[in-house]
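Residue numbers run from 1 in the order of the sequence given. On a predicted model such as this, the values are computed, not experimentally measured, just so you know.
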Amino acid sequence: MANKEVTGNEEVPMITMLTRMFPLIPHQVSSNSTSPVASVQILLATFLAYCSSPTIPMRDILFCVLFPAYLLLANHLRFGNNLLIRQRSKDHPHNISVIMSKFFSGSDSKWFQNYIFIAATCGLILPLITVIRASEEVAMLAVPHLFVLWCQIIGESVVMFNPFAHRFITLLLPIGFSVYRMHLLVEWFFGSVSLIKVASATENVSVWYTWGLALSSLNLVFWTYNLLVTLLLRVTPEFLGDEDCESPDVRVISIPFIKEPKKETAGKK
């Protein structure tokens, strides 16, 4: 018997739920969906991986596949595809339309728009120019982080305003990718330093070597701040309340012989 998901008064086949959760096929999505953008980004990321396949370690490719797959399963098995939030009435102060209207309270502010512009410039545009124009050894150092960041953006564009994606999953995606990217940033930085040291010994320091070191340093500082301050201290606290992040009472896999207490219902003492 086919697995089905019940949403309100309708039954949705499992395959339909999956296409709604990751609606990447153009004819299956609504006009306001971000999937066309995600599809283009997937093509660009695939092209980047194809052109730089010897440069991107298999561990990075596996992470970009397995971590989103884990989030997809967690969203379905643990959070019920955001069913509790989607079932709220239109009169509810935190119904699905209200929650999906903003990523967080400051997302429409001027400072956040400037912040996103800086992130896109130092994280995508400048590294992409480096990969295309710089010498091979400098470009090779920039590719792994650029590829993983691109995959992160693809995932964010799919789940950010997807009503079938639970808000906690929406938060875990950038945090998980950002934590993983930290070691790539450190490797990029020390690789750039190594190029400078080797070139200095022969007194033949290329301008691209200096550019690579400056760009890797900028990205290391910016994305460290993004993880430790913006994501963990500015954005995360807004996701912790039941108003925006209510979850079903589901018994998860626990350590043998240790019973997990059930979640108490509101008003029960």
Side-chain angles (χ1 to χ4, degrees), residues 41 45 56-57 59-72 74-75 78-79 99 102-128 130 141-162 165-194 196 211-245 247:
Q41 291 172 341
I56 303 176
R59 65 186 183 191
D60 297 340
I61 297 176
L62 288 176
F63 175 81
C64 292
V65 173
L66 296 180
F67 183 60
Y70 160 74
L71 293 181
L72 173 63
N75 184 70
R78 174 62 180 87
F79 299 104
I99 293 176
K102 288 184 178 181
F103 174 57
F104 78 107
S105 60
S107 58
D108 292 336
S109 59
K110 183 68 174 178
W111 77 266
F112 189 72
Q113 295 174 8
N114 293 335
Y115 186 83
I116 293 299
F117 175 77
I118 294 174
T121 301
C122 74
L124 287 178
I125 299 175
L126 295 181
L128 187 58
T130 302
L141 291 174
V143 165
H145 178 263
L146 177 60
F147 173 75
V148 176
L149 177 59
W150 216 316
C151 291
Q152 175 183 335
I153 294 173
I154 292 171
E156 290 177 356
S157 68
V158 172
V159 305
M160 192 65 67
F161 298 105
N162 190 332
H166 191 268
R167 293 278 284 177
F168 194 63
I169 297 297
T170 304
L171 176 66
L172 285 181
L173 192 143
I175 290 180
F177 268 94
S178 296
V179 171
Y180 183 84
R181 286 191 291 109
M182 291 307 301
H183 85 274
L184 299 178
L185 290 164
V186 172
E187 290 177 356
W188 184 9
F189 172 76
F190 281 112
S192 300
V193 172
S194 179
I196 292 287
W211 167 260
L213 178 59
L215 185 60
S216 62
S217 301
L218 175 63
N219 274 269
L220 179 59
V221 171
F222 178 84
W223 294 114
T224 300
Y225 174 87
N226 179 74
L227 172 62
L228 299 181
V229 179
T230 304
L231 280 177
L232 295 183
L233 301 183
R234 181 67 179 86
V235 176
T236 298
E238 295 191 15
F239 281 75
L240 300 182
D242 272 354
E243 295 84 2
D244 294 342
C245 202
S247 61

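Here Thr236 contributes atom OG1 and Leu232 contributes atom CG; the two are 5.0 Å apart, rounded to the nearest 0.5 Å. Put simply, CG on Leu146 and CG on Asn219 are 9.5 Å apart, with the number rounded to the nearest 0.5 Å. Atom-to-atom distance recorded for Leu71:CG and Leu172:CG is 6.0 Å, nearest 0.5 angstrom. Here Arg181 contributes atom CZ and Leu227 contributes atom CG; the two are 8.5 Å apart, rounded to the nearest 0.5 Å. For the atom pair Glu156 CD and Thr170 OG1, the distance stands at 9.5 Å (nearest 0.5 Å). The structure places CG of Leu233 at 9.0 Å from OH of Tyr225, a figure rounded to the nearest 0.5 Å.
Asn226 contributes no side-chain N or O that, together with a main-chain N or O of Phe222, makes up a donor-acceptor pair within less than 3.5 Å. Distance alone, capped at 3.5 Å, places no donor-acceptor pair between the Asn75 side chain and the Ile169 backbone. Of the possible donor and acceptor atoms, none in the side chain of Ser194 sits under 3.5 Å from a partner among the backbone N and O of Phe190.
In this structure, Ser216 and Leu185 have side chains that are not in contact, with every pair of non-hydrogen atoms separated by 4.5 Å or more. Contact check for Phe147 versus Pro144: no side-chain heavy atoms found under the 4.5 Å cut-off. Counting heavy atoms from C-beta outward, Leu141 and Phe189 have side chains that stay 4.5 Å or more apart. Contact check for Arg59 versus His183: side-chain heavy atoms found under the 4.5 Å cut-off. Annotation: side chain of Pro127 is not in contact with side chain of His145 (no heavy-atom distance under 4.5 Å). Side-chain contact check for Leu128 versus Trp150: some heavy-atom pair is nearer than 4.5 Å.
Qualifying side-chain contact (heavy atoms from CB on, under 4.5 Å) partners for Ile196, counting only residues two or more places apart in sequence or in other chains: Ser200, Val205, Tyr209, Thr210, Leu213.
In this structure, Phe67 has its ring center under 6.0 Å from that of Phe177. Separation of the Tyr70 and Phe63 ring centroids does not fall under the 6.0 Å cut-off.
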Test log, rule side-chain hydrogen bond (donor to acceptor under 3.5 Å, both in side chains), inputs Ser178 and Trp223: CA-CA 8 Å; Ser178 296; Trp223 294 114; over 6 Å; no

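Thr230 and Tyr115 are linked by a side-chain donor-acceptor pair at a separation below 3.5 angstrom, with hydrogens and angles left out of the test.
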